[in-house]
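Worksheet: one structure, shown below.
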Amino acid sequence: MSQFLPALKVQGRVIHALLVREMSTRFGRDNIGFLWIMVEPLLFAILVGIMYRTMRGPEDHGVSVFAFVVSGYIPLVMFRHAISRSVMLFTANGALMYHRQIKIYDFIFARFIIECVGHLMAYVFIGIVLGVFDLFPFPADPGILLVGYLYYSIFTLGVCFVLTPLSEVSEFVEKLIPVTTYIMVPFSGTFYIVSWLTPAAQDVLYYSPPVHAMEMMRYGLFGDAIAPTYDFVYPLTFSIICMLVGLMLCRLVRRDLVIE
């Protein structure tokens, strides 16, 4: 512990420095700067929410269609952005690896934190603004809502840990990742509640970790208006296994990574 705690503090300062660098290079200091990370998912979610409300009307299964779609689309955008920005991440930041204190997984943590915090800000902001106009419900259970977002974030981080090193060693994986983020949509729980589907579909979607997280968030938001289906153990176990596999892949990739 006498060596671990100082090393942890060093890595914390490294990640903080990478966060500042990433935000400066990505958003700059002009206009609204870092707030773009919040505005972008807001625009996506609002436009998709308006489209679904136009097609399905103000309510479906007893809940607001607009609030339902917006509350599900923001976490989905977080997942897609985090994954897309993990592609060839080590190569893009290879020059920084000359510094002994910087580890390759620090880059993953830094970009993930930006996406996670930015989209959480978007979720809270749009909830407050739309709530003023009675277009978004006050959370029935804020605790389970936050737990669901945490589960969704941990799953996203676990997938990032696996795909980032794989994109460095395989061009096929690099090209496949953008397609994968679209295939993820029907398995994300964004546009449905599991109990609304057929028993066969429910059996399949039980094995999708983000569906459990999304059901938690939806129950935390809408309460007893929906009948959620989720498990606390399975999605967390899946995500932790992904992280462990990803850490091993990062170590293997680091040995052969050429720093230019």
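Index from 1, following the sequence. From a predicted model like this one, the values you see are computed outputs, not experimental measurements.
- Summarising the geometry of Ser195 relative to Ala227, their closest heavy-atom pair is OG-O, 3.1 Å, with the distance given to 0.1 Å.
- Around CZ of Phe44, the count of heavy atoms belonging to other residues, nucleotides or ligands within 6.0 Å does not exceed 12.
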Indicate every side-chain donor-acceptor pair of residues 46-67 with a distance under 3.5 Å to a residue at least two apart or in another chain.
unit_1 : atom_1 : unit_2 : atom_2 : d
Thr54  : OG1    : Ile50  : O      : 2.8
Ser64  : OG     : Ala67  : N      : 3.3

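- Using a 30° and 60° split on the angle between ring planes, Phe155 and Tyr152 fall in the perpendicular class, above 60°.
- Checked options His119, Arg80, Glu115; the residue passing with Pro41 is His119 (criterion: side chain to side chain contact (heavy atoms under 4.5 Å, CB included)).
- Partner of Glu215 under the side chain to side chain contact (heavy atoms under 4.5 Å, CB included) criterion, out of Ile226, Thr229, Asp231: Thr229 alone.
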- Check the pair Tyr192, Leu205 against side-chain contact (heavy atoms from CB on, under 4.5 Å), reporting the backbone distance first and the verdict last. CA-CA 11 Å; Tyr192 56 82; Leu205 291 171; 3.3 Å; yes

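- Between Phe79 and Met184 the shortest heavy-atom distance is CE2-CG, 3.4 Å.
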- Message: ring-ring contact (aromatic ring centres under 6.0 Å, His included), that's the test. Do Tyr230 and Phe232 meet it? Break it down for me.
- Response: CA-CA 7 Å; Tyr230 58 81; Phe232 287 108; 5.4 Å; yes

- Message: Under the criterion side chain to side chain donor-acceptor pair (under 3.5 Å), I'd like the reasoning laid out for Arg218 against Ser71: C-alpha separation, chi angles, the key distance, then a yes or no.
- Response: CA-CA 8 Å; Arg218 290 280 172 58; Ser71 64; 3.2 Å; yes

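- A donor-acceptor contact shorter than 3.5 Å links the side chain of Thr25 to the backbone of Glu22.
- Each of Tyr206, Tyr207, Tyr219 was scored for a ring pair (Phe, Tyr, Trp, His ring centres under 6.0 Å) with His212, with one residue passing: Tyr206.
- For the atom pair CG (Leu157) and SG (Cys242), the distance works out to 10.0 Å, reported to the nearest 0.5 Å.
- Residue Phe161 forms a ring pair (Phe, Tyr, Trp, His ring centres under 6.0 Å) with just one option from Tyr105, Phe109, Phe107, and that option is Phe109.
- In the hydrophobic clustering of this structure, Ile102 groups with Phe90; members are Ile, Leu, Val, Met, Phe, Trp, Tyr whose side-chain heavy atoms approach within less than 4.5 Å, directly or through other members.
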Check: residues 121-145 side-chain donor-acceptor pairs under 3.5 Å, at least two apart:
unit_1 : atom_1 : unit_2 : atom_2 : d
Asp141 : OD1    : Gly143 : N      : 3.2
Asp141 : OD1    : Ile144 : N      : 3.4

